[in-house]
Amino acid sequence: MAGAARLGPGVEELTLLEKLLGLPKGNKYGVQGERKVPVLQTNNGPGLTGLMTIAAHLVKQAKKDQLLGSTAEEKAVVQQWLEYRVTRVDGGSSKEDTRIILKDLNLHLEDKVYLAGNIFTLADILMYYGLHHVMVDLTVQEKEKYLNVSRWFNHIQHYPGVRQHLSNVVFIKNRLYTNAH
């Protein structure tokens, strides 16, 4: 695992994803370029490049295609969030970028359990991995400000097999004022 972490966050996530999907270890990963884009070495032909491409490949290898969405619309929504993850979450580095991302997600998750609606998908898994370092650093007030993101994140981190060795992010359950009397 230490080797994966050194190669960059993408490779570490793919290693976590492999384990979550129950795939045998043994995939060879590398990184390419300044942005450390993950590359999967394949036996037959050129390697696969990019977090999303490799992640989708692993999901198909594990025969868990439902993680990519079942209907055409679900598939598109999953794809959309995977792209968002790579372009916005991985591309964003400033506090302001992070704030915008959390605001976007909070709005999107207002009436949804998962990113693609009511089904758990690859988008949830990779967004969880991509935001873990952000959520760890949020204050209690910030977590409350992005309540929908917090609810979603807490739900995903307790999803069987997702969190693995990543630290548990604590969300305070009790409110000072509840409507229960």
Side-chain angles (χ1 to χ4, degrees), residues 1 4-21 27 29 31-40 48-59 62 64 67-69 74-109 112-117 119-139 142-143 145-171:
M1 196 62 232
R6 270 198 307 274
L7 286 172
V11 172
E12 184 182 357
E13 287 175 56
L14 290 166
T15 312
L16 290 168
L17 180 62
E18 267 181 10
K19 199 169 161 190
L20 170 62
L21 294 169
N27 274 329
Y29 294 106
V31 289
Q32 186 180 303
E34 226 170 90
R35 297 199 53 211
K36 293 200 180 323
V37 176
V39 178
L40 169 62
L48 294 174
T49 307
L51 183 63
M52 295 314 127
T53 305
I54 299 168
H57 170 72
L58 294 177
V59 165
K64 296 202 165 117
L67 286 174
L68 300 172
E74 277 172 7
K75 287 182 172 129
V77 172
V78 170
Q79 203 52 48
Q80 169 194 314
W81 284 108
L82 292 175
E83 277 176 36
Y84 184 93
R85 164 56 223 275
V86 170
T87 56
R88 300 282 301 137
V89 178
D90 297 355
S93 46
S94 70
K95 276 254 181 268
E96 181 60 13
D97 289 336
T98 303
R99 198 185 60 74
I100 293 166
I101 289 162
L102 291 172
K103 224 171 104 183
D104 283 355
L105 282 172
N106 204 50
L107 198 63
H108 179 74
L109 289 163
K112 292 172 195 67
V113 180
Y114 301 108
L115 290 172
I119 60 157
F120 175 75
T121 65
L122 183 60
D124 295 296
I125 299 168
L126 290 181
M127 191 67 82
Y128 166 80
Y129 291 150
L131 288 176
H132 187 272
H133 69 285
V134 171
M135 298 304 284
V136 167
D137 292 339
L138 290 185
T139 64
E142 287 171 316
K143 287 176 190 163
K145 185 176 173 190
Y146 303 112
L147 211 52
N148 301 323
V149 176
S150 295
R151 170 187 46 80
W152 166 83
F153 188 91
N154 196 35
H155 186 59
I156 301 301
Q157 80 176 347
H158 288 100
Y159 202 91
V162 173
R163 200 180 93 221
Q164 298 178 48
H165 72 280
L166 297 173
S167 58
N168 183 30
V169 177
V170 178
F171 295 88

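Nearest heavy-atom pair across D97 and R88 is O-NH2, 4.5 Å. Smallest separation of non-hydrogen atoms from I100 and Y84: O-OH, 4.4 Å. Summarising the geometry of L166 relative to R163, their closest heavy-atom pair is O-NE, 2.8 Å, with the distance given to 0.1 Å. Smallest separation of non-hydrogen atoms from M135 and V169: O-CG1, 3.8 Å. Scanning all heavy atoms of the two residues, the minimum distance from I101 to V89 falls at CD1-CA, 3.8 Å. Pairing each heavy atom of V113 with each of W152, the nearest pair is O-CD1, 3.4 Å.
Using a 4.5 Å heavy-atom cutoff, the side chains of L40 and L14 are not in contact. Looking at W81 and T121, their side chains never come closer than 4.5 Å, going by heavy atoms from C-beta outward. Proximity of D124 to V162: side-chain heavy atoms (C-beta onward) are nowhere separated by under 4.5 Å. E83 places none of its side-chain heavy atoms less than 4.5 Å from the side chain of M52. Side-chain contact between R99 and K103 is present, with heavy atoms from C-beta onward closer than 4.5 Å. Between L102 and V134, the closest side-chain pair of non-hydrogen atoms falls below 4.5 Å. Contact annotation: the side chain of R151 approaches that of N148 to within less than 4.5 Å [non-hydrogen atoms, C-beta and beyond]. Contact annotation: the side chain of Y129 never approaches that of E12 to less than 4.5 Å [non-hydrogen atoms, C-beta and beyond].
Note: Y159 OH to N154 CG = 15.0 Å, rounded to the nearest 0.5 Å. Between the NZ atom of K36 and the CG atom of D90 there is a distance of 14.0 Å, given to the nearest 0.5 Å. Taking CG of L126 as the start and CG of L51 as the end, the distance is 5.0 Å to the nearest 0.5 Å. Remark: I54 CD1 to T49 OG1 distance equals 6.5 Å, nearest 0.5 Å. To the nearest 0.5 Å, atoms CG (L122) and CG (L67) are separated by 6.5 Å. Separation of atoms CG (L131) and OH (Y146) is listed at 12.0 Å; rounding is to 0.5 Å.
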TODO: Take V31 and V39 through the side chain to side chain contact (heavy atoms under 4.5 Å, CB included) test and state the conclusion after the steps.
DONE: CA-CA 5 Å; V31 289; V39 178; 5.9 Å; no
Open item on the list: For a side chain to side chain contact (heavy atoms under 4.5 Å, CB included) check, start with the C-alpha distance between F153 and M127, then their side-chain angles and the critical distance, and finish with the verdict.
Closed with: CA-CA 9 Å; F153 188 91; M127 191 67 82; over 6 Å; no
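Each of L138, N106, L107 was compared with V149 under the side-chain contact (heavy atoms from CB on, under 4.5 Å) criterion, and only N106 meets it.
Not one N or O on the side chain of K143 forms a donor-acceptor pair closer than 3.5 Å with the backbone of F171. For the pair H57 (side chain) and L48 (backbone), a donor-acceptor distance under 3.5 Å is absent.
Applying the 6.0 Å contact sphere to NZ of K112 captures more than 12 heavy atoms from other residues, nucleotides or ligands.
Between E13 and R85 there is a salt bridge, since at least one side-chain N of the basic residue sits less than 4.0 Å from a carboxylate O of the acidic one. Electrostatic pairing of K145 and E142 does not count as a salt bridge here, judged by no charged N lying under 4.0 Å from a carboxylate O.
Checking Y29 against E18 by side-chain atom types alone, a donor-acceptor pair falls below 3.5 Å.
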